[in-house]
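Take a look at the structure below.
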Amino acid sequence: MNNLRNLRGTADLMPDQLIKWQNVESILREQLQRSSVKEIRTPIIEMTELFERGIGETTDVVSKEMYTFLDRGERSCTLRPEGTASVVRAIINNGLSNNSYQKLWYMGPMFRYERPQAGRQRQFHQLGVEYIGSNSPRSDVELISLAWDILQKLGIKNLNLEINSLGDIEDRENYQNSFIEWLESNYKLLDIDSQKRVKKNPLRILDTKNSETQNLLKNAPVLIDFLSQKSLDRYALIKENLDFLKIPFIENVKLVRGLDYYTHTAFEITSGELGSQATVCGGGRYDNLIKQIGGNDSPAIGFAIGLERLMLLVGKNFEIKRDIDVYIINKGMRAEAMAHKLSSKLRKYDVITEMDVSGSSISKQLKKANKCKTKSIIVIGEEEAMKNQFKIRLFSNNKDKEKIINLDDDDGLEKWLKNIIPDYSA
Ligand code: ATP
Ligand code: MG
């Protein structure tokens, strides 16, 4: 049994770590709710074809990183490497792809077979947001500002927003022609992966992680110079609005994003504190994806935040956990039964209760209560049990705050609870 370990690139999230995750997640949910974004949950496992068709077969994600296998019925299945394709499929399958504007979010694990390192895992988590059904630049601005505000709300400093426009399909075809010409004349200088892509999917070369090719690309034609006036106007409007919102951004003409489905707006939010895995949020417009997967011709834009990277950025204030409110000390058969009853009663209120089940001496239980920093204690010794009573005390030296209450006196208990939770709710 000793050699049974979790798989490389996966991680257990233990209770102490999860305090931070839960605190952050609850702020995320709250912010999304405030912006009328609704949750959607899709399966973690999908038909492989969804990602091949949706993300593009020549992308890194599909060609090298997917967890793909045959199930017992010989169907090719894949653990989702990202969330957008599944959300789009769900919308189409549920007959919603021609509905008006829909704002959706999802949160959960994603799987990519990558080289694990700080901020890069094989199972990681994303929060994703998709705004579906509008091609208005206002939708882009609204989505980017939501991503920006969420990160601000979490108190993350020194973030950089990088934006670019990839134009529409026509712009890209125009660009592709002259880019291919350039690639062919520099063919020998490209890395092998990029050489293979010249014919298959040249635009993907722009997203290469190979530093020599990246250097070479500095002299390549840039997509932005091939955008139509209409695309440029659209892009200009978005920049104007970001200026108006005082959201600082940097234009990065090299930003293409790793998936094939993007059009027009592409953006990333990075932090210098994350080392080489600097991108905490990536997003963009995908006006052709829904039709490509078999739905109506519906425009959309979305982003995804990597939660592991997000957790590295949020401050220690998210690690604060709520203390126990009431620790129930009990000794003796009758006292134990009463403790169960009390613990069940207390679940009606917004208090955190811990019941000692050790059966050890009252003084030992008291020590334990002390250690877990409870706000108050209930003591049921044999004497109290005989009288069907319990003693409840604020765990401080304040003698006034000690009271003996009858087990059936719910009003008495409720009144006392106001001592520890002024705004408790029944
Ligand atoms: P990268 O360039 O870092 O590989 P990506 O472009 O592949 O990122 P996206 O597909 O845009 O990433 O996913 C959105 C976000 O999800 C990323 O910005 C990152 O925060 C997070 N993410 C992506 N892959 C991983 C991973 N393997 N481990 C942890 N987080 C990840
Ligand atoms: Mg990647």
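Ligands are counted one by one from 1 in listed order, and the atoms in each one are counted from 1 as well.
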How far is [atom] from the closest protein heavy atom, and which atom is that?
| atom | value |
| --- | --- |
| atom 7 (O) of ligand 1 | Arg112 NH1, 3.0 Å |
| atom 8 (O) of ligand 1 | Arg309 NH1, 4.5 Å |
| atom 6 (O) of ligand 1 | Arg257 NH1, 3.7 Å |
| atom 30 (N) of ligand 1 | Phe124 CD1, 3.5 Å |
| atom 16 (O) of ligand 1 | Gln126 NE2, 3.0 Å |
| atom 17 (C) of ligand 1 | Thr279 O, 3.9 Å |
| atom 28 (N) of ligand 1 | Gln121 N, 2.9 Å |

Indicate whether any N or O donor in one side chain lies under 3.5 Å from an N or O acceptor in the other, for Asp356 and Ser358. yes
Would you kindly say whether Gln365 and Tyr327 are connected by a side-chain donor-acceptor distance under 3.5 Å? no
May I ask whether [X] places a heavy atom under 4.0 Å from ligand 1?
| X | result |
| --- | --- |
| Arg122 | no |
| Glu308 | no |
| Glu82 | no |

Considering both backbone and side-chain atoms of Gln277, is one of its nitrogen or oxygen atoms within less than 3.5 Å of a nitrogen or oxygen in ligand 1? no
Please say whether Glu268 places an N or O atom under 3.5 Å from an N or O atom belonging to ligand 1. no
Lys/Arg cation over aromatic Tyr131: Lys103, 6.0 Å, 45° cone: yes
With Lys246 as the cation and Phe244 as the aromatic partner, state whether NZ or CZ is under 6.0 Å from the six-membered ring centre and within 45° of the axis. no
Pick from Glu114, Arg115, Arg120, His125: the one approaching atom 1 (P) of ligand 1 most closely through a non-hydrogen atom: Arg120
Heavy-atom closest pair, residues Ser97 and Ile290: CB-CG2, 4.1 Å
[X] with [Y]: basic N within carboxylate O range, under 4.0 Å:
| X | Y | result |
| --- | --- | --- |
| Asp168 | Arg285 | no |
| Glu319 | Lys20 | yes |
| Lys368 | Glu354 | no |

May I ask you to identify, for Val280, whether its side chain, its backbone, both or neither come under 4.0 Å of ligand 1 on a heavy-atom basis? backbone
Between Ser86 and Glu46, is a side chain to side chain donor-acceptor pair (under 3.5 Å) present by the stated rule, with each step listed? CA-CA 8 Å; Ser86 301; Glu46 295 273 4; 3.0 Å; yes
In ligand 1, the atoms that come under 4.0 Å of a heavy atom of Lys209 are 2 (O), 4 (O)
Closer than 4.0 Å to some heavy atom of Gly306 - which atoms of ligand 1 meet that? 15 (C), 16 (O), 20 (O), 21 (C)
d(Ile19 CD1, Phe318 CZ) to nearest 0.5 Å is 13.5 Å
